[in-house]
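See below for the structure under consideration.
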Amino acid sequence: MNRNELRAEIARKGKSNKSIISALNISEQAFYNKMSGNSEFKESEIKKLIEVLELTVEDVNRIFLT
């Protein structure tokens with residue numbers, strides 16, 4: 001997963017980390033662990049990120065499949 005691309009996409013879409021944390025219904029610590037690579041996003045969380053950030057297939061490939 002390309003965490004830098006995910007960070008960039010969150011910023012491009014004008015979302016805050018807090019809004020993403022809320023949408024994913026996870027703790028701040030869990031989010032920061034996932035963003036730092038200490039743990040991985042679950043499939044359900046990735047699906048929610050795709051929905052909330054309105055990601056295209058190309059975005060998904062660039063962020064999650066690299």
Side-chain angles (χ1 to χ4, degrees):
M1 184 177 125
N2 190 326
R3 286 166 177 79
N4 289 332
E5 285 292 329
L6 179 55
R7 283 184 192 94
E9 198 61 40
I10 290 169
R12 274 193 287 275
K13 297 295 170 79
K15 302 288 184 183
S16 68
N17 285 344
K18 289 201 183 274
S19 70
I20 299 299
I21 290 165
S22 177
L24 296 177
N25 198 28
I26 59 175
S27 70
E28 280 188 53
Q29 188 61 49
F31 177 75
Y32 291 114
N33 283 337
K34 293 168 192 290
M35 292 302 287
S36 67
N38 293 329
S39 64
E40 297 295 325
F41 285 99
K42 297 178 200 173
E43 183 180 344
S44 60
E45 294 166 342
I46 291 173
K47 288 179 180 178
K48 191 65 172 178
L49 285 168
I50 292 168
E51 177 187 320
V52 168
L53 296 173
E54 300 176 341
L55 300 176
T56 66
V57 172
E58 292 80 16
D59 295 332
V60 172
N61 290 336
R62 179 174 35 82
I63 295 168
F64 298 107
L65 300 179
T66 57

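The minimum heavy-atom distance linking Glu54 with Lys13 is given by the pair O-NZ, 3.3 Å. When all heavy atoms are compared, the tightest approach of Ser39 to Ala30 is OG-O, 4.3 Å.
When hydrophobic side chains of Ile, Leu, Val, Met, Phe, Trp and Tyr are connected at separations under 4.5 Å, Leu53 ends up clustered with Met1, Leu6, Ile10, Ile20, Ile21, Leu24, Ile26, Phe31, Tyr32, Met35, Phe41, Ile46, Leu49, Ile50, Val52, Leu55, Val60, Ile63, Phe64.
A donor-acceptor distance shorter than 3.5 angstrom exists from the side chain of Arg3 to the backbone of Lys34, with no hydrogens or angles considered. Of the possible polar contacts, none joining the Asn61 side chain to the Glu58 backbone as a donor-acceptor pair under 3.5 Å is found.
For Glu9 and Arg12, the salt-bridge test passes: some basic side-chain N is under 4.0 Å from an acidic carboxylate O.
The local environment of CG in Asn38 is crowded, with over 12 non-hydrogen atoms from other residues, nucleotides or ligands closer than 6.0 Å.
Scored by the salt bridge (charged side-chain N to carboxylate O under 4.0 Å, His left out) test, Glu43 finds Lys47 as partners (sequence neighbours excluded). Evaluation of the salt bridge (charged side-chain N to carboxylate O under 4.0 Å, His left out) rule for Arg7 yields no partner, not counting sequence neighbours.
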